[in-house]
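These numbers come from a predicted model, not from an experiment. Sequence lines set the chain letters: A, B, ... in the order given, protein chains first and strands last, and positions in each chain run from 1.
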2 protein chains.
Amino acid sequence: MDHKCVKPRSDTAEKILDVGENLIQTRSFNGFSYQDISDALGIKKASIHYHFASKSDLGAAIMTRYRQRLEAAMAIAEGTSENSCWDLLEFYFTPYFQYADTPDKVCLSGSLAGEFPTLPADMQKMVAGFFHDHQTWLAKVLERGKIHGEFAIQDSTVQMARVLFDALQGALLVKRASGEIKQLHDVVDVFRLILTPTGKHDKA
Amino acid sequence: MDHKCVKPRSDTAEKILDVGENLIQTRSFNGFSYQDISDALGIKKASIHYHFASKSDLGAAIMTRYRQRLEAAMAIAEGTSENSCWDLLEFYFTPYFQYADTPDKVCLSGSLAGEFPTLPADMQKMVAGFFHDHQTWLAKVLERGKIHGEFAIQDSTVQMARVLFDALQGALLVKRASGEIKQLHDVVDVFRLILTPTGKHDKA
DNA sequence: GTCTATACAAAGATAGAC
DNA sequence: GTCTATCTTTGTATAGAC
């Protein structure tokens, strides 16, 4: 089960990825430099190039790790039989709430979306893949919940998954500008209400 | 009625704003340079500085003009008595559809949202103001439509306006990455459905 | 693996001629 | 208003010592 599909990486490389991920989420890809990482870790810019030859490579590595981490968690949650579809949905919301609790973090892909046409080609593919995978996963959860009678969805679950995903990403971005955490909570609350069949939201 | 609250500007300045607006919508603020404008207009970088001393000034001017243009149109539409609330809503969608019809354009503020923390302070205020104004306008339309019986909204119209706005902004960003125009249409279709009281969508 | 040093290009910005 | 020329800073990236 723990088949370690992730390449082992040096401790420094991992720290660079950590800082880089954070920097993209807070400042976007074009908005940070190797100097920022250098400052954060106390190592020289040249040392970063040893681990990641180009900024493009670094960006791709950050995206890859981010996607693997989230999508592995999604796959595990989905495969855990105790989880109801409501559980899965609430589970999916957690990182959004985590980011919204910070003053300046958004989803990695959400941050990159604004500068999409300026990104290296491989990063563009990864961002598009991220969007696709998350919406597909959400659609699967909604479809299963619809069939089980957990969710009240008259029409396309694929469509609903798209709207939910768009709203979550949009809410994070708008929230960061306004500082109002309600921006995200409203999205979650509205969808909880829309998807609830009887009118009461029962998670257990 | 036509009280011209917009400062008269030279023809070149206006062209610079046009190109700059386009560049931000396609490449974001950190993703374009004075050189890009220089190339597009066939004038030298120094000439641009004559019209807009700093990039910060240019960005602020672009944002100001963009907001005024959209919000003036929204105010006029709102004040036109023939318009139903459905009309107003469909009217609000039009620029989103326009952007979605291009390969690489998103909302100006949506583009800036991804790099928000790196923006000059005055631009940050304008982006936040844009988000606030648009959501307030949408909430007003939804509230009026709710009272008139045009819209089926059980709960907070403010909340619903937020979710709709988030979803529209998110959809444009995701659409640009995937190229799938459906990303935006799904949002519009779902909200048309949700807001329709009888189940049929009657715009007249 | 990390450092110093440096190359190289691009960006924002200014001075001053025309 | 636009130009040429130039300055300054920053950013990505490489070479080579340790």
Side-chain donor-acceptor pair under 3.5 Å between Q35(B) and D39(B), yes or no? yes
Does the side chain of S28(B) come under 3.5 Å of the side chain of E115(A) through a donor N or O and an acceptor N or O? no
By side-chain hydrogen bond (donor to acceptor under 3.5 Å, both in side chains), which residues pair with R162(A), not counting sequence neighbours? E180(B), Q183(B), D186(B)
Would you mind telling me which of [options] lies closest to the side-chain atoms of [X]?
X      : options                  : result
H49(B) : dT2(D), dT12(D), dA13(C) : dA13(C)
K44(B) : dT4(D), dA13(C), dA13(D) : dT4(D)
Y34(B) : dC3(C), dT2(D), dA13(C)  : dA13(C)

Rounded to the nearest Å, what distance is computed from the [atom1] atom of residue [X] to the [atom2] atom of nucleotide [N]?
X      : N       : atom1 : atom2 : answer
I48(A) : dG1(C)  : CD1   : P     : 15 Å
I43(A) : dC3(C)  : CD1   : C1'   : 11 Å
L41(B) : dC3(D)  : CG    : C1'   : 16 Å
Q35(B) : dA13(C) : CD    : P     : 14 Å
F52(B) : dG1(D)  : CZ    : P     : 12 Å
K15(B) : dG1(D)  : NZ    : C1'   : 13 Å
I37(B) : dA10(C) : CD1   : P     : 17 Å
D57(A) : dA13(D) : CG    : C1'   : 12 Å

Heavy atoms only, 4.0 Å cut-off, all strands: where does [X] land among base, sugar-phosphate and nothing?
X      : value
S33(B) : sugar-phosphate
K55(A) : sugar-phosphate
F32(A) : sugar-phosphate

In terms of side-chain geometry, is the basic nitrogen of E21(B) or K105(B) positioned less than 4.0 Å from the acidic oxygen of its partner? no
Look at the side-chain N and O atoms of [X] and state whether any lies under 4.0 Å from the OP1 or OP2 oxygen of [N].
X      : N       : answer
H51(B) : dT2(D)  : yes
S54(A) : dT12(D) : no
Y50(B) : dT2(D)  : no
T12(B) : dG1(D)  : no

For the residue pair K55(B) and F29(B), would you count it as a cation-pi contact if the rule is NZ or CZ under 6.0 angstrom from the ring centre and within 45 degrees of the ring axis? yes
